[in-house]
Amino acid sequence: MDDILGPDYEAITLPMGRDAEGEVVATLVRRPVPGSRRAVLYLHGFTDYFFQTHVADHFVSQGIGFYALDLRKYGRSLLPHQTRGLVGSVTDYFPEIDEAVRIVREDCDELTIMAHSTGGLIAVLWADRMRGRGLVDALVLNSPFLDLNVPALVRGAADALGGVLAKLPPKTVLPLGVATAYGTSLHRDHQGEWDYDLAWKPLEGFSVHAVWLAAIRRAHRRLHAGLRVDVPVLVLAAEQSLKARDFVPGAHGADVVLDTEQIARWSTRIGPHVTCVRVPGGMHDLVLSAEPVRKQVFAEIDRWTAYAYQGKAYNP
């Protein structure tokens, strides 16, 4: 059926069985290019869903089919009985990625997974599990969530309490306060240029549940121990981070969600073929940065992809 983004897009509901809250679905949004044997599959981050049509435009203009997956309990896939973004393990998302890749692979020979923030963490763990199967040819990670952006003592406390967090009632919300700097910097009704559904991507983000945080920290520890992703990986991160809970003008030129030094550090643990590029003036979602910055981001992706698919070393 036609997607909310208009007739150029089709939305496919992927039944994913049931969990403790009931029925579960994911949604594959696609904008194929007839005759193309190349495709990009996009995975969104936390408090997110696919709305970035300019990203699809970029790839389609090059003859590359574009697909995006709204993961379970996000965006198009959020059902009335569900808690937004609530899972007990990042591996809960693997079945919908498996199914999306199967569908995309029916029409293409070359597949790049492009993933943002939490989607990037999920993507590298999925790719590590699937290594050797030839299901994906490259990963492009946009500000991947590779560690908690909190002081080391707080990270240590979260890890020490990981077992306790995981055993709390599933809907236990952690009292972390509200930060609106990022959302306010993006939405056009506030300080940004983008239009999207604030019910699906609220300015203040989603509540952080204890079991979700425990799941994220298990995923971080798995990554930090070292993965062996066997395809080329491009990691893109903003040049600098900025600590801000409420909007400040600097939020338009820095990552106010993650620590970009952590991203650069831990990107080396993904696999043996990783390129890390720091982008001056970039925001957390680099493709939502100011136009000159996002043009640079797309140029970096295009140049790296050309080398990656030809088996050459990247030459910035």
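Just so you know, these numbers use all the heavy atoms, side chains as well, and skip hydrogens, waters and symmetry mates.
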> Do the ring centers of H190 and F247 come within less than 6.0 Å of each other?
Replying inline: no
Please round to the nearest 0.5 Å and tell me the distance separating atom [atom1] of [X] and atom [atom2] of [Y].
X	Y	atom1	atom2	answer
L135	L41	CG	CG	11.5 Å
T47	Y74	OG1	OH	6.5 Å
I216	L148	CD1	CG	8.5 Å
D246	T180	CG	OG1	4.5 Å
Q191	T184	CD	OG1	7.5 Å
R102	E106	CZ	CD	5.0 Å

>> Pair D137, R105 - check salt bridge (charged side-chain N to carboxylate O under 4.0 Å, His left out), show working.
In response: CA-CA 11 Å; D137 299 284; R105 277 291 188 181; 2.9 Å; yes
Taking side chain as C-beta onward, heavy atoms only, is [X] less than 4.5 Å from [Y]?
X	Y	result
S143	D255	yes
M130	V101	no
V55	R294	no
L69	L14	yes
S185	H284	no

>> Test ring pair (Phe, Tyr, Trp, His ring centres under 6.0 Å) on W212 and F46; report intermediate values, then the result.
In response: CA-CA 11 Å; W212 179 88; F46 188 60; 4.4 Å; yes
Would a single hydrophobic cluster contain both [Y] and [X], if residues Ile, Leu, Val, Met, Phe, Trp and Tyr are joined by side-chain heavy-atom contacts under 4.5 Å?
X	Y	answer
F94	V104	yes
V257	V293	yes
I122	L125	yes
L168	L176	yes
I4	W194	yes

Show the atom names and distances, to 0.1 Å, of all donor-acceptor pairs under 3.5 Å that link a side chain in residues 20-32 to residues at least two apart or in another chain.
from: E21; atom 1: OE1; to: K73; atom 2: NZ; distance (Å): 2.8
from: E21; atom 1: OE1; to: T83; atom 2: N; distance (Å): 3.1
from: E21; atom 1: OE2; to: T83; atom 2: N; distance (Å): 3.3
from: E21; atom 1: OE2; to: T83; atom 2: OG1; distance (Å): 2.5
from: T27; atom 1: OG1; to: S77; atom 2: OG; distance (Å): 2.9
from: R30; atom 1: NE; to: E10; atom 2: OE1; distance (Å): 2.9
from: R30; atom 1: NH2; to: E10; atom 2: OE1; distance (Å): 3.2
from: R31; atom 1: NH1; to: Y9; atom 2: OH; distance (Å): 3.1
from: R31; atom 1: NH1; to: D57; atom 2: OD1; distance (Å): 2.5

> Would F59 and Y42 count as a ring pair (Phe, Tyr, Trp, His ring centres under 6.0 Å) if you check the C-alpha gap in whole Å, the side-chain angles of each, and the deciding distance to 0.1 Å?
Replying inline: CA-CA 11 Å; F59 291 107; Y42 177 87; 9.3 Å; no
> Could you go step by step and tell me if F51 and H44 meet the ring pair (Phe, Tyr, Trp, His ring centres under 6.0 Å) rule?
Replying inline: CA-CA 10 Å; F51 64 90; H44 60 78; over 10 Å; no
Heavy-atom neighbours of [X] [atom1] exceed 12 at 6.0 Å:
X	atom1	value
H187	NE2	yes
K243	NZ	yes
R188	CZ	no

Salt-bridged, [X] to [Y], with N to O below 4.0 Å?
X	Y	answer
R38	D107	no
R265	E261	no
R222	D128	yes
D109	R37	yes

>> Quick check on side-chain contact (heavy atoms from CB on, under 4.5 Å): which of T275, L141, V277 does L236 satisfy it with?
In response: V277
Of all heavy-atom pairs between [X] and [Y], which one has the smallest distance, and what is that distance?
X	Y	answer
S36	I64	OG-CA, 4.0 Å
K201	L186	CE-CD1, 4.0 Å
W304	A138	CH2-CB, 3.8 Å

>> Does the plane of the ring in Y49 sit parallel, tilted or perpendicular to the ring in W200? Use 30° and 60° as the thresholds.
In response: perpendicular
> For the residue pair F145 and H220, does the interplanar ring angle fall in the parallel (under 30°), tilted (30 to 60°) or perpendicular (over 60°) class?
Replying inline: perpendicular
> For W126 and D98, what are the C-alpha separation, side-chain angles and deciding distance, and is it a side chain to side chain contact (heavy atoms under 4.5 Å, CB included)?
Replying inline: CA-CA 9 Å; W126 177 86; D98 291 344; 2.8 Å; yes
> Taking it one step at a time, do S89 and R218 satisfy side-chain hydrogen bond (donor to acceptor under 3.5 Å, both in side chains)?
Replying inline: CA-CA 8 Å; S89 171; R218 289 196 302 272; 4.6 Å; no
>> Go through it in stages, so that I can follow the logic: the residues are R76 and D3, the test is salt bridge (charged side-chain N to carboxylate O under 4.0 Å, His left out), and I'd like the CA-CA distance, side-chain angles, deciding distance and then a yes or no.
In response: CA-CA 9 Å; R76 301 161 179 83; D3 184 56; 2.8 Å; yes
